[in-house]
Protein chains: 2
Amino acid sequence: MPNSEAIYIEKLRNSGLRPTKQRIRICEVLFNREKTFHFSINELMKIIQTKNNQKISLATVYNTIHTLKKKGHLKEINVGNDMSYFDTNTHSHHHFYDNQTKELVDINSDEVQIKKNPVPPNGKKIMDIEVTFKISKE
Amino acid sequence: MPNSEAIYIEKLRNSGLRPTKQRIRICEVLFNREKTFHFSINELMKIIQTKNNQKISLATVYNTIHTLKKKGHLKEINVGNDMSYFDTNTHSHHHFYDNQTKELVDINSDEVQIKKNPVPPNGKKIMDIEVTFKISKE
DNA sequence: AGCTACTTTATAATCATTCTAAACTACTTG
DNA sequence: CAAGTAGTTTAGAATGATTATAAAGTAGCT
Ligand SMILES: [Mn+2]
Ligand SMILES: [Mn+2]
Ligand SMILES: [Zn+2]
Ligand SMILES: [Zn+2]
């Protein structure tokens, strides 16, 4: 039993989620990584099917991802309007986005600074700032 | 015949599009405004159905919006992953976005300035920068 | 007026996502 | 540990935005 499994069981328990084998598997795919992981549900499904003998149903993957998001372990990224992207980096941060390859790359928060914030509409306050640097080849 | 109609006929002609009555109507709804207009296809359909006696089919609205986008008269906005938003402001600019009300508000480009740009990944260059200020009540 | 390419339209198809409801399982309690 | 219960998984159906199809209509040209 690899060390990581116990960690994810704890992580799930701490969020009030039962550590089922499906959830643990998904956590391993998501969080057992060096770098931030940006993914669509479809990409995640493929990875799971490859790395895994027992299949996890599509509905469970959706359920689990949404639950992890609700519990604050994932962020949803708005980039491209065709499908949802998720991000294992839950801190407020910014991205490079290549519209051709549909690749997202994290930018360290301190690499981007806004000189002055605009004044929000009346009765509203700024909760988060997301900067997307759209990049392309050459 | 209001003045605006002639303008849109020209606009369409200049883009190599035949000025059909459907396209002219859509242009009037989109561009005959003081402020920037942010909309989903669904919202646009409703406005057209209200302001109009003769109906325009859903397919034509999709076709026309995509064509106008291709010709550079509209921008597509990535915010929320459930449906596409479009923007009559085609300049590079930034937005307030209220996730509750799903309202987009333009921010004048010169009201936001990035101190230093991050270095893009190897072989890539920055084409555009989009800043979204997520706002909420109070 | 007639031709032809472009356009509109109703309708079907697609595809991501959500819903349903039945089978299954983790944890609690006795 | 045996049951009970709430939480979970799952296959499949449903939904909703978007795109494709293909037939009928129209704009611009001759
Ligand atoms: Mn989006
Ligand atoms: Mn969709
Ligand atoms: Zn990220
Ligand atoms: Zn705008």
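We name chains A, B, ... by the order of the sequence lines, and we start the count at 1 in each one. Any value given below was found using the heavy atoms of this structure, including those in side chains, with hydrogens, waters and symmetry copies removed.
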**Message:** Tell me the interatomic distance from Asp82(B), atom CG, to dT18(D), atom P, rounded to whole angstroms.
**Reply:** 9 Å
With a cut-off of 3.5 Å and sequence neighbours excluded, list every side-chain donor-acceptor pair involving residues 13-26 of chain B.
residue	atom	partner	partner atom	Å
Asn14(B)	ND2	Glu10(B)	O	3.3
Ser15(B)	OG	Lys11(B)	O	3.3
Ser15(B)	OG	His73(B)	NE2	2.6
Thr20(B)	OG1	Arg23(B)	N	3.2
Arg23(B)	NH1	Arg18(B)	O	3.0

In a table with atom names and distances, give each donor-acceptor pair under 3.5 Å that connects a side chain of residues 50-69 of chain A to protein atoms at least two apart or in another chain.
residue	atom	partner	partner atom	Å
Thr50(A)	OG1	Lys46(A)	O	2.8
Asn52(A)	ND2	Gln54(A)	O	2.7
Ser57(A)	OG	Thr60(A)	N	3.2
Ser57(A)	OG	Thr60(A)	OG1	3.0
Asn63(A)	ND2	Ala59(A)	O	3.3
Thr64(A)	OG1	Thr60(A)	O	2.8
His66(A)	ND1	Tyr62(A)	O	3.3
Thr67(A)	OG1	Asn63(A)	O	2.7
Lys69(A)	NZ	Glu76(A)	OE1	2.6

**Message:** Of the options dG12(D), dA16(C), dT11(C), whose atoms approach the side-chain atoms of Ala59(A) most closely?
**Reply:** dG12(D)
**Prompt:** With a non-hydrogen cut-off below 4.0 angstrom, is Ser40(A) in contact with a base, only sugar-phosphate, or nothing?
**Reply:** nothing
**Request:** Mind checking side chain to side chain contact (heavy atoms under 4.5 Å, CB included) for Asn108(A) and listing every partner two or more places apart, or none if nothing turns up?
**Result:** Asp110(A), Glu111(A)
**Asked** How does protein reach along nucleotides 2-9 of chain D, written 5' to 3' as B (base within reach of a heavy atom under 4.0 Å), S (only sugar-phosphate), or - (no contact)?
**Response** ----BSSB
Side-chain polar contacts of residues 121-138 of chain B - donor-acceptor pairs under 3.5 angstrom, sequence neighbours left out - could you list them?
residue	atom	partner	partner atom	Å
Lys124(B)	NZ	Asp98(A)	OD2	3.1
Asp128(B)	OD1	Ser92(B)	OG	2.6

**Prompt:** Does His66(B) make a side-chain N or O approach to OP1 or OP2 of dT19(D) shorter than 4.0 Å?
**Reply:** yes
**Which residues share a side-chain hydrogen bond (donor to acceptor under 3.5 Å, both in side chains) with Thr90(B), sequence neighbours left out** = none
**Prompt:** Taking the side chain of Tyr62(A) as heavy atoms from C-beta outward, which of dT17(C), dG28(D), dC19(C) is closest to it?
**Reply:** dT17(C)
**Polar side chain donor-acceptor pair, Asp106(B) to His94(B), under 3.5 angstrom** = no
